[in-house]
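Right, one structure below, let's go through it.
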Amino acid sequence: MFTIIRDLARQNMEFLCGLLLFAVIVGLVILSYFSPYGATDIYLLPPDMPPDGEYWLGTTSRGQDVFWQLTTGLRNTLYFGIGVAFLSRIISLVVGLVAGYAGGTVDKVLMAINDSVMVIPQFPLLILFYFVLKDNMTWVALIVIMASLGWSYDARLIRSVAIGLKTRPFTTQSVYSGMSMSKILVEEHLPYVLPIVFATTMNNMIWSIGMEITLSVLGFTDIETPTMGMMIYWANAHSALIAGTWWWVAAPVAVIVVLFLALFLLSMSMNEYNDPRSRLNRMGG
Amino acid sequence: DDYKSLPRKDTLIVENPEGTIKNPGWFNIWVNGGGGVSTGLQQLTMDTLWYIDPEKGLGGSPWDNSLAADKPQYNADFTEMTVKLRKGLYWSDGVEFTADDLVYTVKTQMDHPGMVWSAAFSVQVASVEATDPYTVVFKLKKPNSRFHAIFTVRWNGAWIMPKHVFEKVADPLRYDFANPVSLGAYKLKAYDPQGQWYTWEKRDDWQRTSLGRFGEPAPKYVTYVDPGPPDKRTIAQLEHNLDIIHDNTPEGMFTLKEKSKSVETWFPGFPFAHPDPTLPAVIFNTQDPAFANPDVRWALALLIDIKAVDMASYRGAATLSALGVPPTAATMNDYQAPMQDWLKNFEIDTGKRKIKPYDPTIGQQVADILRKQPKFKDQIPTDPAAITTAFGYGWWKPDPQAAAELLEKAGFKKTGGKWMTPDGQPFKIRMTVEGDTRSVFTRAGTLIAQQWASFGIDAKAVPVAKLWQVALQPGDFQVAIAWSVETWGGDPDLSFFLDSWHSQFVAKKGDNQPPRNWQRWSNPELDKIIESIRGISADDPKGIELGNDYLKLVAREMPTIPLMSYNVFTSMDTTYWTGYPTISDPYTDPVPNWANSRLMMVKLKPAQPK
Amino acid sequence: MTSYLIFVLKRFGQFLLVVFLGITITFFVTHLTPIDPVEESIGAITQMGQSDPNAIELMRQSLRELYGMDGSIWQQYLHFWLRLATGDLGPSLSAFPTPVSTIILRSLPWTIGLMTVSTLITFVLGNAIGALAGYYRKDMVLKAVSLVFIALLPIPYYILAFVLLILFGYLWPVLPITGGYEMNTNLDLSFALVLDILKHSILPALSLILVGAGSWLIGMRALVSNIITDDYVVFAELGGVPKRKILRSYIARNAMVPQFTGLAMSLGGIFNGTVITEIVFGYPGIGNLLISAVHAGDYSLVLGLSALSIVGVAAAVFIIDILSPLIDPRIKVE
Amino acid sequence: MDALVEVQNLKAYYRAFLYGVDREVRAVDDITLTIGHGEIYGVAGESSSGKTTLIKTIAGAIRPPLKVVSGKVVFHFAGGTQDMYAMTPDERMALRWLHLSYIMQASMNVLNPVRRIHHSFTDFAFRHMKVGKNEFFTKVGSHLERLKLDAHLLQAYPHELSGGMRQRMTIALATILTPEFIIADEPTTALDVIVQRDVLSMIREIQREIGSSFLFVTHDMGVHATVSDRVGIVYAGRLVEEAPTRKLFALPLHPYTQHLVASLPSIGDAKARPSLEGRPPNLAMPPEGCRFHPRCPKRMDICSQKVPPMITVEPDRRVACFAVTGDQA
Amino acid sequence: MNALLTLSHVTKIYRQGGMLGRRQIVAVKDVSFEIGSEPEILSVVGESGSGKSTIAAMILGQTTPTQGELQFRQKAVALHGKAERRAFMREVQPVLQNPFEAFNPLKRVDRYLFETARNFSVGGAKPDRQQIERLADQALHHVGLSLEEVKGRFPHELSGGQLQRAAIARALIPQPRLLIADEPVSMVDASLRMAIVNLFEQLKHELGLSIVYITHDLATAYYISDRIIIMRKGEIVEQGEARRVLDNPQHAYSRALKDAVLTADFASTS
Ligand SMILES: Nc1ncnc2c1ncn2[C@@H]1O[C@H](COP(=O)(O)OP(=O)(O)OP(=O)(O)O)[C@@H](O)[C@H]1O
Ligand SMILES: Nc1ncnc2c1ncn2[C@@H]1O[C@H](COP(=O)(O)OP(=O)(O)OP(=O)(O)O)[C@@H](O)[C@H]1O
Ligand SMILES: [Mg+2]
Ligand SMILES: [Mg+2]
């Protein structure tokens, strides 16, 4: 494992850059646990201070330190994105693999559900959920809802691979080795779809975090939990871009860009490493 | 540009805070059909019997007889009201306005449940009759000394329908009233089929309208637009494309003041904004056992550091009020000033001792804090009277010690740094605030929750998008930031909101509460005050006395914690027009969705853009 | 031919099923919302200065009746389908009695216009750069351009749109920042009007393009870098087929097959991208309408809009499905 | 012999330094051979012995990780001399298809799947033919006829053709410009036996008609016996024996060739065939000395120490085995 | 009579275009044959697409025939319950075409051996690790390998011949009566081919296995089979004792097939 990472880093510029950027993100997330200020405390500091030696990234109009806000917000956003990605990956894996492998009626039923979820307009639905749940719309609830909306496209992708895998001879071999369906899916087929899972994770995170930001900017989330979206919400509620407190907006945007560049570069190089074509070619030798 | 057909210098451009209108072709204001109201429709084309201005008004007093020739005449037991109408007023299609229109308005609405004022008339009116073309007599089902209020514009009122148009319509409920016939000085010129703007044109016969009494309106055209979110409004006004911004964020307002040479505001300096006759407060759901006890409510009030809340929400640009009336210019005279002595001596019993919670200098303190910020230094008044008008008198001193005593008196206990309710549960407060739409309240709520939390209460602010519909009406909240007090503004009669606080209207837990007693508070003493007010006429001077009784009662009981007036950051650009209402010429409220804002049209003067 | 017909019929059945399920889910979720259009309407009315509690109770009853909201949710559900079967989406509850379809049709052309044009531009731009960047992997300029688009991708749309708005509407005020056309415009069709509409669409479209091109680019680049190792590409290279020809007719042509599916999906799902754009730029489309409908608890309007979107996406998928044998000759009709 | 192609001490390795893997696969290791004008040269050998690599290197179809380490590939097209790896890319491009065409392994999948077949002919050959479009397609049509393909098939998509037809199409594409040298990798593997037979006889006919030289690879000894003039046997990246087809089958010299020939079953002959023990060597870590020695029944001590050189034992015959030639170095 | 496997009038039709489809492909048409209780090797030969794999799939219970019946030990090969499937798999095992594809390239080869040993342990009780390894080793010895050579290795670390032998060893673990080998040598080269074919012969004798050997290589079919079935377009055109049929084919197609075989025997070419 370590040698793989070392070699990836040595040979693959993209991976190296991704790794470094990701290290920055992780560093910030770790720092968040050492924040001298409570994450939701406001009016502790003089408001609207531009970045300087004391407040590295300035302070907000709410008297918060942008830097420490940022670390906590980044942490929550990242956990949120990971949570959604993780849950939705699980759903799409189960649905995709089972539908592809079982075929027949099971496939038809699962795909009918899948396609229905795919066509449902997500945004109105999320807003409606917000109205239904009100203050029960916690982060966990939002993660679950987003995850249950964000799996269908990838489930289809996985299914198409799974259909191919089903006809691969080694599947027959596994069946005649007496393996159960779950074992075949998890141990034989899963490794083949993992590259897809990796690749779609980034898109899923972009989608879920983007959606979080959108909902937050419109005020449809829990405003007490600092996230990237919430930072922008408050900045926006204080007309930060107009009032000249640009650092309040620039900081979260910059960090989100870094986060996604990191994820993108990593997933791209991992993808290359994972690509069944190139990898199997290599293994075949 | 031939397609921008209207000359800018003849046009007043005003923000319509309703945003984009969903059903733009709907002008039937008597049916709630998704059309706009503040699109100029109610300000410029509608009219009704009386207006009470939130500020001074143009006719010498806030009270204005508009379509009516005189004040309402009641019989002795308030079961009959007679109205005399003005003569010589015409609809924009040349038909004369008469008593028939008024009678038709009432009867049609009573016949069509679902029309806006239908229910209100049905509940009250036994019969309505025109005794001659300019006299109408209402017979009421039960005595009501304030029946005229329904025809009296504060923000709006029951508008008069054009009988000659509606009587030809099969179903008034389904009639869109396209090409609305106007009773005001303006009539529809054009509107955006997408609902983003409406333009009204001055009537040639503006003299034949009630506004004509005050002179000729200056703007030939008035356009009401949806300029988008606050930041875009700010940009638009900086570029002189928007003459009146309805409301803004404090920061947007500061930016405008800083960057634009031509912006004018209600107060020339801090806090700039216009205090509306509306009183944002911390509203307790008194049906929640935790908040049934006034000691608890008082304890929570004493935990609020109002200066911090002021800075957090309005960044200092608020007009504070410790009393249960909005600190508008008029109530400052009628209620706030006379009550100061009482407030200074007011005592509460913490169970261990008596304390005097009032700090009369808070307004001055806020001014002092603001003066320390270099950006605002010169904009803060120094004259104590001016400071009071701008920032309010005093407020309650933060007193955690007393708060703790009060909570203990109410049976609460502090264990392990956390407050527990009398039945041993953690004291948990969810403060409902309005999400995006009124960000200053969200800010205030967030900070108050934080102040309570730092005292050991599990408090947190939760935004909801439709506070009224999802929380206040169904009573589905613990504590909220909203208002349950609204006054006429220009008139000391408190019945406008107070009548609905009578215990007869308090809904059962779980049922929908009718406006405006969102705190669902019932109190026999209050009921007596309300009943006394019902027994006297609206302009009876005894009304102020009874109002004072009300203020003392709610100060003791604290069913809501009044915070400040609803300061609206209205800003006006003087590039094309001057003569807007300001504190130095307070002839009306500048907030342009108020129907009273029609008065502006006659006071505005074109300016030559540089 | 008959087998193709059967295939189309089968797909059509699937399309109907998906639409049915999608709308059903949306129906029940919308009806779960605690916002009641009657209360909403009462709220609006009481805002007009009425507070007599007795009157309000009376009003509540009459509005319930008027809006046809009596009956259990199942009855309403049945009614909904019965009405829909006759092509009637019912009256909007927050704009009663105006039909939902009238309201939607007013906004729809704007959204379709803006989104179609910007989606197509985004598609062409993203794929062109993606294909070039995938083929000429070493080219520094292409790398830089790709990186810019990829970096734009994660910027919250709201922020990007707003930065554009401040740049071109405030700091260098050359473009209009709000609405679909100038206010007080004479709406008779004229060259000036068309120009004005185009001018108003530049910023919204630009923001959509800047944010959207990246994902096409990434997808295309990945596809291309896989395809260049395919036998037929290697064979063409060995056969001395000119590079540009290879890029165009061999690589891009093959990579476009999956991309077209994506294009149809995003054209069908036009809805999802519109809300924020329309809010930021005050664009008069269905996104703005949707938000106000949600706020007003107007479920007939929300349902109408959702149904439109569901049908849009499902139809796009359906069309792709039935056209795919034509786009990709390899796909046999099962 | 009048040489068209000369391969001299060619070494081509796959170099992989990737993700924890660090190795060098010596797939073509010091191979020398010559192909004459109009000759069909077959290369045989077991799977993974480097046949494809050899052919790719000769065709100049290398891309990373494959690298030509040393050696030369020289052509004598149109009387001149062209060194494959000393040319500029443009010069190499100019040779392709006009003088040299290459039919890749899995040639059933080399046609663009989403375009009709006639486009491929235009793309590959039209530039070189210097005739009008109509005349071009008339020529293509008559060429297809030779391969028993109907001209209307040009309007088809590749997938609409059967495997055999596609393979013939590819052969038609490779021969339309009558290049001097045609290279093919497993041109008939995975075809039906009956179809295979047809395709092979067609290749022969075309080759005779246009007089090209032909280099092809397959592990099917039956095919070699049918088509090749001369056969080279590759084992683990090295040429171990080279002889005219008849001689090779009649009297194989190298022990590996002997085994190969002996193990071929045939109908009508049910006697037991031996199978070879051991496994093919790993080309990343080939055995020292003769690469066949671990499996060789005739192995001697020297076999594990020295690489047996390719020795010409008869004028048209070479072999690399100490057991046959003794230690002549 | 107690035949091991009986196919009586088996037809398999694939439909195209779904439930209402018109286009049909008759992959197998009215095929009947049986395998007796005596161990034997039955070759099924024929051109590509002639339905050989379809027959294999039907015997293995992977698809069901459209018409006709397949019986294994006088019981229909219609597999429902899990237990029934297990019991069937214990007796009938497949050997797949491409040894490189028969094992998941991402997994170790021994995994399949161990799984089979665990799931088909003879005697009922769950075998422990040692027993499993012993069973695997035994099976590997039958094919001339040992566990040592295979253990811990990935497919790409073994030669094609080794892989195919390991696959056969795996199939032997449940001690089946019947192996279905669908083109087991078409992807391995000549030198390995004989090793596998010889192995079949040996297994038949040593373990008393019957083998259905599907191939298009007439030469190896001639070499090892007892009986042969020649198929064309889903139909059996000729069947009988292998040597006799191939030495002297009767049907025109059989003759064409035989003629197309390329041999290194120079007498018969050009
Ligand atoms: N891209 C590659 N990277 C690393 N090693 C490779 C690569 N391609 C092939 N090899 C290795 O080079 C050696 C020779 O492979 P080659 O394809 O030339 O064999 P072959 O004789 O053509 O086999 P076959 O008969 O299976 O086609 C093999 O060991 C193979 O694994
Ligand atoms: N799942 C399927 N759906 C539809 N048709 C099929 C399916 N499987 C096989 N066929 C068709 O059935 C026929 C017989 O196929 P089968 O695979 O049994 O032939 P085969 O003799 O094994 O051929 P090969 O030698 O190529 O392996 C072919 O025409 C094939 O296209
Ligand atoms: Mg090869
Ligand atoms: Mg087969």
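Every chain is numbered from 1 and lettered A, B, ... according to where its sequence line falls, protein lines coming before strand lines. Only this structure's heavy atoms are used, side chains among them; waters, hydrogens and symmetry mates stay out. It should be emphasised that the depicted structure is a prediction, and the values quoted were computed from it without experimental measurement.
Defined by atom type and a distance below 3.5 Å, a donor-acceptor pair is missing between the side-chain atoms of A/Asp48 and A/Thr245. If you check the side chains of A/Asn114 and A/Ser152, you find no donor sitting under 3.5 Å from an acceptor.
Between B/Asp368 and B/Lys307, no side-chain nitrogen of the basic residue sits less than 4.0 Å from a carboxylate oxygen of the acidic one, so the salt-bridge criterion is not met.
Both the backbone and the side chain of B/Ala312 come within less than 4.5 Å of a heavy atom of chain A. Of the atoms belonging to B/Thr234, it is side-chain heavy atoms, and not backbone ones, that fall under 4.5 Å from chain A.
Between chain B and the residues A/Ala240, A/Ala243, A/Ser61, the most heavy-atom pairs under 4.5 angstrom are made by A/Ser61. For chain A, the option among B/Lys259, B/Gln373, B/Gln450, B/Met311 with the highest count of heavy-atom pairs below 4.5 Å is B/Gln450.
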Run the side-chain donor-acceptor check on residues 246-265 of chain A: report pairs under 3.5 Å with partners two or more places apart or on a different chain.
from, atom 1, to, atom 2, distance (Å)
A/Trp247, NE1, A/Met49, O, 3.4
A/Trp247, NE1, A/Thr59, O, 2.9

